[in-house]
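Structure record follows, encoded as structure tokens.
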Amino acid sequence: VEERKVAKPIDQFTWKDIPLGCVVAEAGNAREYKTGDWKSQRPVVDTSKCIKCGVCWLFCPDAAIYKNEEGYFLANLDYCKGCGICARECWTGCITMVEEEK
Amino acid sequence: MTDKRVGMEVSIAAAEAVKLARAEAIAAYPITPQTHIVEHLSELVADGELDAEFVPVESEHSALSVCAGTSAAGARTYTSTSAQGLELMHEILFIVAGMRLPIVMSVANRALSAPLSIWNDHSDVMACRDCGWIQIFTENGQEVFDQTICAFRIAEDPRVLNPTMVNLDGFTLSHVVEPHLLASQEMVDQFLPPYNAVNRLHPDRPVTMGAFGMPEVYAEARKAQDMALRDSYPVIREVWEEWGKLTGRHYQPMETYRMEGAKMALLTMGSFSEVAMEAVDRLREKGIALGLLKLRLWRPFPFDAIRKSMKGLEMLIVMDRAISTGGIGGPVCSEIRAALYQQAKRPKVVSFIAGLGGRDVPPEHFEEMVHEAMKLKARKKQEEFYTIGIRG
């Protein structure tokens with residue numbers, strides 16, 4: 001994932017910095033908002049059981065699952081909100097939701 | 001400009017103004033509480049006299065939602081509604097204002113249910129006071145025609161970019177035939193250039209509109225919106241001044257009638273100002289130093305014009321056509337009082353509520369307000385508000 005930065009962090013915007021009508025003129029900058037810290041559980045993949053079918057990738061509502069170099073589907077924890085849909089849909093049951101521990 | 005007066009229903013004149021403004025997209029709920037405004041516009045579009053997309057929808061919530069889309073796509077957008085229809089739009093009113101979409105809407109002001117009423121008062125618009133739109137009031141058909149054209153110019157000015165609402169009293173204006181001086185297409189084209197959106201939904205330059213604002217930025221966004229609405233004030237005055245030069249019909253945020261040497265004044269909004277003028281004439285004949293203040297601009301609230309117009313006044317009588325139940329009573333009076341609170345010298349302000357749900361307010365009722373207010377001068381205690389013409 002290509003890293004991009006906004007001109008300055010959103011919590012440093014003054015009211016004068018707000019674009020007209022709050023328009024977001026730059027496409028794809030939602031990736032700068034890392035929503036992964038919302039989760040209370042994370043998916044852990046047992047690659048010995050994974051058949052690389054990609055059903056988890058298909059069902060992930062946040063497009064947080066990516067395919068690694070070996071062809072396994074894993075969650076990008078910067079964006080995964082821990083909803084557990086991937087674990088529920090996985091055909092082989094290779095995904096386990098594990099409590100996030102601080 | 002044409003010098004010939006044309007008799008037509010005020011709703012039809014409003015539709016003709018929208019046609020002259022070359023609206024490109026119109027979405028509206030086509031049955032009651034709708035007026036003849038969009039009915040006539042749909043005919044103009046069907047007859048090929050107006051080149052616009054006309055979208056009849058299943059509710060006012062959808063009407064304004066469609067308008068949000070067409071305005072975001074860069075089209076000059078218009079809609080119209082009334083009463084319950086305005087309340088059904090309520091959610092989207094705030095959204096299009098926050099998104100700064102310069103939609104123009106006529107609101108034929110009517111009472112809200114229950115009890116079910118289709119008649120005129122200001123309950124509908126007062127419930128939408130804080131929606132972020134520029135809100136203009138009109139007194140007669142000519143003003144409706146003029147202000148509808150001016151509304152597009154104001155809303156779309158690059159220094160403004162804010163939705164704008166033209167209020168006209170339901171039935172007492174919307175369904176009454178009046179003489180109008182219309183404008184030529186050449187003149188309106190000269191006054192109102194085509195709309196050139198700063199941001200528009202276009203596949204060549206994708207943008208996100210209506211995005212999410214976290215607590216870190218929401219307050220700044222709201223402040224920016226409030227400042228923009230306040231900053232529209234000089235532009236509104238500039239547009240009216242230019243319209244005045246073109247037509248000889250001049251508009252001010254606060255207009256006056258027989259205020260020379262007035263110690264007392266009535267304050268009204270909308271079509272009842274014409275009845276109040278009659279009452280002022282009658283009482284002036286009896287030697288009472290009375291004038292009339294007509295508030296045209298409701299948002300942005302013209303603080304300076306209001307304060308200036310209080311010069312020399314000992315008593316101000318505000319007539320409201322809506323009631324804030326269980327609260328301050330009259331919303332207009334409440335805001336006028338608040339605007340004057342900081343002033344060292346200010347008149348005594350008396351609030352009257354009249355003309356709810358189509359109840360007539362004849363000149364005699366305005367005279368009664370003045371006489372009642374004069375009696376209050378001597379009394380220490382004053383109620384939050386008084387009513388006129390309500391039995392018992």
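Throughout, protein chains are lettered first and strands after them, A, B, ... in sequence-line order, and every chain is numbered starting at 1. Keep in mind that what you see is a predicted model, and the values were worked out from it rather than measured.
The closest side-chain heavy-atom distance from D11(A) to V217(B) is not below 4.5 Å. Residues T208(B) and V23(A) have side chains not in contact (no heavy-atom distance under 4.5 Å, counting atoms from C-beta outward).
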Determine, step by step, whether N199(B) and L20(A) satisfy the side-chain contact (heavy atoms from CB on, under 4.5 Å) criterion, reporting the C-alpha distance in whole Å, the side-chain angles of both residues, the deciding distance to 0.1 Å, and the verdict. CA-CA 8 Å; N199(B) 296 304; L20(A) 176 74; 4.0 Å; yes
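Ranked by heavy-atom pairs under 4.5 Å with chain A, the first of A211(B), P206(B), A221(B) is A221(B).
At most 12 non-hydrogen atoms from other residues, nucleotides or ligands lie less than 6.0 angstrom from CD of Q342(B). Surrounding OH of Y66(A) are more than 12 heavy atoms belonging to other residues, nucleotides or ligands, all under 6.0 Å away. By the 6.0 Å contact criterion, CH2 on W15(A) is enclosed, its count of non-hydrogen atoms from other residues, nucleotides or ligands being greater than 12. Applying the 6.0 Å contact sphere to CG of D231(B) captures more than 12 heavy atoms from other residues, nucleotides or ligands. Remark: F59(A) CZ is loosely packed, at most 12 non-hydrogen atoms of other residues, nucleotides or ligands lying under 6.0 Å away. Counting heavy atoms of neighbouring residues, nucleotides and ligands inside a 6.0 Å radius, atom NZ of K52(A) exceeds 12 of them.
Distance check: Q225(B) CD to C22(A) SG gives 7.5 Å after rounding to the nearest 0.5 Å. With values rounded to the nearest 0.5 angstrom, Q12(A) atom CD is found 11.5 Å from E216(B) atom CD.
Residue R205(B) comes nearest to A25(A) through the heavy atom pair NH2-CB, 4.3 Å, listed as atom of the first residue, atom of the second, then distance. For the pair A224(B) and I18(A), the tightest heavy-atom approach, listed with the atom from each and the gap, is CB-CB, 4.1 Å. F13(A) and E220(B) get closest at one heavy-atom pair: O-CG, 3.6 Å.
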